[in-house]
Number of protein chains: 2
Amino acid sequence: MSTANATPARRRILVIGGVAAGMSFATRMRRRDEHAEIIIFERSGHVSFANCGLAYYLGGVITERDDLLLQTPASLGSRFGLDVRVNHNVTAIHPDEHTITVHNHLDNTTTIEPYDELVIATGASAIIPPMPGSERMLQLRNIEDVDALDAALGALDPSTANTVVLGAGYIGIEMAENLIARGLSVTLVQLDPNILRTFDVEMITPIEAHLRAHGVDLRIGTAAIAVHDTTVELSDGSAVAADVVIAAVGVRPENALAVNAGLTVGAGGGIRVNAGYETSSPHIYAVGDVAEKIGAISGEPGLVALAGPANRDGRYLADTIAGDAVHSPPALGTAIVGVFDLTAASLGSTELALRAAGRNIRVIHTHPVSHAGYFPGAESLSIKLIVDADTDLILGAQAVGRDGVDKRMDVLATATSAGLTASALADLELAYAPQYGSAKDPINHLGYVARNLRDGLSASVQWHETDAELAAGSVLVDVRTAAEFERGGIPHAINIPLDDLRGRLNELGDRRVIAHCQVGQRGHTAVRILSQNGFDAANLDGGYRTWMAAMG
Amino acid sequence: MSTANATPARRRILVIGGVAAGMSFATRMRRRDEHAEIIIFERSGHVSFANCGLAYYLGGVITERDDLLLQTPASLGSRFGLDVRVNHNVTAIHPDEHTITVHNHLDNTTTIEPYDELVIATGASAIIPPMPGSERMLQLRNIEDVDALDAALGALDPSTANTVVLGAGYIGIEMAENLIARGLSVTLVQLDPNILRTFDVEMITPIEAHLRAHGVDLRIGTAAIAVHDTTVELSDGSAVAADVVIAAVGVRPENALAVNAGLTVGAGGGIRVNAGYETSSPHIYAVGDVAEKIGAISGEPGLVALAGPANRDGRYLADTIAGDAVHSPPALGTAIVGVFDLTAASLGSTELALRAAGRNIRVIHTHPVSHAGYFPGAESLSIKLIVDADTDLILGAQAVGRDGVDKRMDVLATATSAGLTASALADLELAYAPQYGSAKDPINHLGYVARNLRDGLSASVQWHETDAELAAGSVLVDVRTAAEFERGGIPHAINIPLDDLRGRLNELGDRRVIAHCQVGQRGHTAVRILSQNGFDAANLDGGYRTWMAAMG
């Protein structure tokens with residue numbers, strides 16, 4: 001019965017920015033309030049586009065440009081009654097007047113728009129590193145960028161052209177892969193000593209090798225210092241040919257409107273918000289890449305430019321404005337990237353960052369197989385888990401491999417968010433058939449190792465501690481087979497195969513023993529044998545494989 | 001320094017059964033106690049074999065028989081100092097004397113073996129359904145079974161031979177697939193009205209259709225009543241040709257030793273154990289398929305014959321005997337099966353079982369894509385979540401699809417074990433790039449729906465409630481496009497496309513409205529429009545797709 005008599009007061013809700021956070025907010029807001037006036041102002045010509053697919057369109061993986069456009073102003077109007085205004089640039093927010101100034105690029109007019117509630121979802125823009133010639137740099141943030149890049153790349157002759165990507169973060173790596181897919185030569189320049197700073201060095205060197213194996217000319221620990229007409233000049237004195245230069249060194253919050261309106265922003269430029277996404281000014285909210293998020297590990301506000309939290313927070317903000325008592329979840333920073341046929345995923349903090357912060361941590365490296373080893377197609381993957389030594393809670397995780405990486409990272413993200421301890425991973429009952437996992441899944445195995453460390457049943461040393469151990473007089477015992485040992489090992493190690501260890505304990509004297517094997521499992525058994533026979537013993541975590549990866 | 005002076009008292013620990021639980025126990029026990037005497041008695045000729053891979057060896061997916069043999073008595077002896085005695089049948093337990101009687105099949109001798117601690121890990125045996133000719137039935141539980149089946153199947157002429165599998169549970173389905181892979185014709189007979197009783201009907205009919213599409217002659221709701229020389233006689237009066245008959249109707253705990261020794265067993269025949277795996281008799285423990293487990297959903301002891309819990313519990317029992325205060329985790333029953341190129345996975349209870357138990361539940365069906373729809377290779381999957389309406393906790397989950405099923409089930413298993421509410425799935429920050437998932441992952445989406453239901457923002461009806469709704473005078477409104485509607489819909493539904501709904505509310509009179517679309521998403525938006533305009537409205541959960549699947 002359509003007896004809706006007294007129409008409720010019609011709120012006027014304005015949204016600045018119509019991509020992930022802004023549009024998730026607007027559509028949810030409509031479902032929460034059928035009668036509100038909801039207007040979205042988008043500076044570019046498109047809303048709701050697939051920003052995580054842009055690189056793959058350039059590489060030809062996504063073949064139809066229309067597939068990038070998930071919604072149009074017309075479709076959003078008819079389905080959700082949204083007033084979507086593209087090519088409209090908001091130039092000022094006036095908190096005291098509850099208005100904004102909007103410039104319409106289509107007819108070159110400027111209007112003042114009043115609001116009851118204002119949502120800032122302006123996102124983040126690519127950082128263009130300042131240097132001579134930086135005006136030549138292209139970027140990849142929206143459809144206009146894609147069209148410009150597509151035109152620039154299309155004008156190149158693949159047999160002679162050279163491209164340079166500055167920055168080997170997620171976007172830079174995806175861009176490099178897709179330029180290779182397009183048949184172009186690529187130099188990928190990274191200022192840091194390693195790519196992807198959400199990973200520690202020993203986890204990410206296999207990805208660096210993989211990029212090189214696929215033809216990417218990777219220059220790490222190197223800065224670009226100038227862009228010339230046909231080259232990019234690097235800090236090591238070299239110059240690389242560059243017909244097209246793409247800036248992918250990172251993003252910064254598009255906070256100018258907020259700053260000019262006097263809203264509080266944090267050290268990184270993100271708009272400071274409370275648990276209900278409200279800024280320092282009442283009735284003004286911020287969501288998505290432009291807003292700060294509370295870090296799940298640090299507990300501190302910071303920047304997390306990821307699509308998942310942006311979409312979720314847009315939705316939750318609508319619930320907030322609808323009157324629900326919503327608390328924005330902390331950001332774990334779960335992220336994943338495909339690198340040709342490898343996958344790398346991470347969450348939380350790195351060992352490097354946690355040690356720098358003085359945290360008391362335990363670190364676990366494993367190299368399990370993606371599913372039962374006896375079933376065809378099993379692939380090795382490498383997982384790193386970083387655990388709070390005081391609470392046994394998960395502080396970080398990293399995984400690299402061909403198959404099963406995304407699954408394990410999602411399980412770890414769920415466990416971490418739920419506050420499970422690392423040891424509790426042992427208890428999880430995961431779906432097992434031999435083509436999908438193992439009866440002792442890699443996740444369970446992490447829990448086993450964590451529990452052994454927690455309970456003092458095993459002690460471990462990290463790859464970066466072996467030199468100090470040797471210097472202090474420890475003996476490094478390689479418990480692999482003689483054949484494995486002869487194919488290569490850690491310098492100064494002696495070889496006593498695990499199956500012979502019980503009979504050769506007398507060769508070890510009274511020194512502390514660091515046992516190691518290929519991946520850490522036999523080393524653990526060796527430590528159990530040694531410690532129960534009176535030795536001071538520890539296992540080289542992750543074994544020879546982790547040590548080798550760290551050596552690059 | 002090997003100064004282990006006073007050797008601790010050497011415990012004698014006997015293990016009956018050397019596969020998953022027994023051998024996980026034994027190897028962990030050695031790592032916990034370097035000096036104990038640990039003897040494993042295994043009735044068959046093999047220990048530590050890959051029982052979950054047996055069917056795939058018969059189908060030629062696993063090509064090497066040796067790959068099924070993960071360890072040998074010799075390898076376990078040299079690595080773990082275990083005394084592994086195959087072809088040794090334990091014939092009696094004498095709790096008062098702390099001894100067992102063992103018959104050695106190799107030399108036909110019988111000995112009495114004393115123990116300090118005794119572990120029963122005898123597993124479960126295939127049920128051979130009693131009927132005339134049942135002695136012709138083969139089974140698939142161990143290496144000897146595989147060899148017998150391989151010989152029997154190898155003697156067949158694929159162009160004329162017929163095989164019959166009794167029971168369409170996990171083993172029966174895997175067996176049917178692998179017989180097809182071997183080029184044989186297969187009739188799969190299931191007494192229940194549907195296959196795989198851990199699923200509800202509307203989730204599993206696509207798997208039934210898939211089996212048939214791959215050539216399996218599936219007979220559901222049908223009993224075998226006799227096995228004749230060349231046929232199996234069925235309850236529907238038909239007879240199917242059968243050169244080989246395989247019994248896969250289920251397993252029962254191998255509890256005879258325990259029963260004869262006076263140990264307490266539960267209603268299903270499982271040995272009753274406490275949280276430390278101890279039976280009713282001190283110093284006698286039971287783990288694996290022979291032991292009861294506490295159900296995570298029911299809170300009651302029952303049987304869960306799965307490899308994951310068996311391996312885990314074997315390990316934890318070693319910790320118990322080593323003196324740790326271990327509490328066995330409840331069993332969630334997480335299980336998965338490949339069915340040709342489809343995957344089906346489940347955990348917890350079914351809707352059918354929970355409704356029969358009078359539980360107050362909410363049910364959610366979704367049909368998301370495995371990763372971002374704009375990225376090539378996205379596949380539809382179907383997920384069902386069953387939620388406690390009082391606590392919002394997860395009581396059951398089922399998923400069917402081509403890709404991404406195992407990942408989502410593992411996340412749900414983790415969330416359920418961790419005690420997350422269904423609504424909290426919305427908060428999870430999962431690894432997103434377009435080839436791996438969606439910015440709003442299917443898991444998040446389940447949380448969104450759960451939260452809407454919990455908060456009263458949406459009401460839903462299930463496919464099995466539509467007839468009653470129509471009978472009570474509700475109007476069924478198909479909000480899909482006219483083109484979709486014309487391709488087929490639910491009888492008695494009228495078509496008002498979602499984008500037209502706001503303008504056509506006056507056509508609906510004052511009746512209760514059941515909105516439906518293809519999968520439930522547009523239906524939800526329709527319900528929001530309708531309810532905010534004064535209508536009593538609900539969404540057909542899972543939409544036309546779930547309804548169609550239920551119709552078979």
Side-chain angles (χ1 to χ4, degrees), chain A residues 1-4 20 31 34 50 52-53 56 61-62 67-68 78-79 307-309 311-312 329 331-332 334-338 345 372 374-376 406-407 409-411 413-415 417-418 420 427-436 439-440 498-499 505-506 510 525 528-529 532-535, chain B residues 1-4 20 31 34 50 52-53 56 61-62 67-68 78-79 307-309 311 329 331-332 334-338 345 372 374-376 406-407 409-411 413-415 417-418 420 427-436 439-440 444 498-499 505-506 510 525 528-529 532-535:
Chain A
M1 59 216 154
S2 59
T3 54
R31 292 193 298 270
E34 177 67 10
C52 297
Y56 294 96
V61 177
I62 298 168
D67 287 348
L68 300 175
S78 59
R79 169 107 1 132
N311 277 278
R312 180 191 65 198
L332 202 51
T334 315
I336 191 166
V337 64
Y374 62 79
F375 198 93
D406 58 332
K407 176 164 79 171
M409 194 53 58
D410 278 1
V411 169
T414 304
S417 288
L420 288 186
D427 290 351
L428 293 177
E429 197 183 320
L430 304 170
Y432 167 59
Q435 62 272 57
Y436 303 101
K440 298 165 184 165
L498 175 57
D499 293 355
L505 295 173
N506 58 350
D510 60 358
T525 296
R528 294 300 305 151
I529 294 171
Q532 292 186 74
N533 279 287
F535 286 87
Chain B
M1 56 211 160
S2 58
T3 54
R31 292 193 298 269
E34 176 67 10
C52 297
Y56 294 95
V61 177
I62 298 168
D67 287 348
L68 300 174
S78 58
R79 168 95 18 119
N311 277 279
L332 202 51
T334 314
I336 190 166
V337 64
Y374 61 79
F375 197 93
D406 59 332
K407 176 164 78 172
M409 194 53 58
D410 278 1
V411 169
T414 304
S417 289
L420 288 186
D427 291 351
L428 293 177
E429 196 182 320
L430 304 170
Y432 167 58
Q435 62 272 56
Y436 302 101
K440 297 165 185 167
N444 300 135
L498 175 57
D499 293 355
L505 295 173
N506 58 351
D510 59 0
T525 297
R528 294 301 304 151
I529 293 170
Q532 292 185 73
N533 279 286
F535 287 87

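Note on naming: letters A, B, ... go to the chains in the order of the sequence lines (proteins, then strands), and numbering restarts at 1 for each one.
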Taking the side chain as every heavy atom from C-beta outward, state whether [X] and [Y] have any atom pair closer than 4.5 Å.
X: B:Cys52; Y: A:Tyr374; value: yes
X: A:Leu505; Y: A:Phe535; value: yes
X: A:Ile336; Y: B:Leu430; value: no

Looking at residues at least two apart in the chain, or sitting in another chain, which of them share a side-chain hydrogen bond (donor to acceptor under 3.5 Å, both in side chains) with A:Asp427?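 With sequence neighbours excluded, A:Asp427 shows a side-chain hydrogen bond (donor to acceptor under 3.5 Å, both in side chains) to A:Arg451, B:Tyr316, given in chain and number order.
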Could you tell me which residues satisfy side-chain hydrogen bond (donor to acceptor under 3.5 Å, both in side chains) with B:Arg31, sequence neighbours excluded, listed by chain and number?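 For B:Arg31 there are no side-chain hydrogen bond (donor to acceptor under 3.5 Å, both in side chains) partners, ignoring immediate neighbours.
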Among the options [options], pick out the one with the most heavy-atom pairs lying under 4.5 Å from chain B.
options: A:Ser417, A:Ala50, A:Ala307; answer: A:Ala50
options: A:Pro376, A:Ser78, A:Ala418, A:Ala413; answer: A:Ser78
options: A:Ala345, A:Gly338, A:Ala415, A:Ala372; answer: A:Gly338
options: A:Leu498, A:Asp499, A:Leu68; answer: A:Asp499
options: A:Asn311, A:Asp406, A:Asp410, A:Asp67; answer: A:Asp410

With rounding to the nearest 0.5 Å, note down the distance linking [atom1] in [X] to [atom2] in [Y].
X: B:Thr414; Y: B:Met409; atom1: OG1; atom2: CE; value: 11.5 Å
X: B:Lys407; Y: A:Lys407; atom1: NZ; atom2: NZ; value: 10.0 Å
X: B:Lys440; Y: B:Tyr432; atom1: NZ; atom2: OH; value: 11.0 Å

Can you tell which part of [X] gets under 4.5 Å to a heavy atom of chain B, answering side chain, backbone, both or neither?
X: A:Glu429; value: both
X: A:Ala20; value: neither
X: A:Val337; value: backbone
X: A:Ile529; value: both
X: A:Leu332; value: both
X: A:Tyr436; value: both

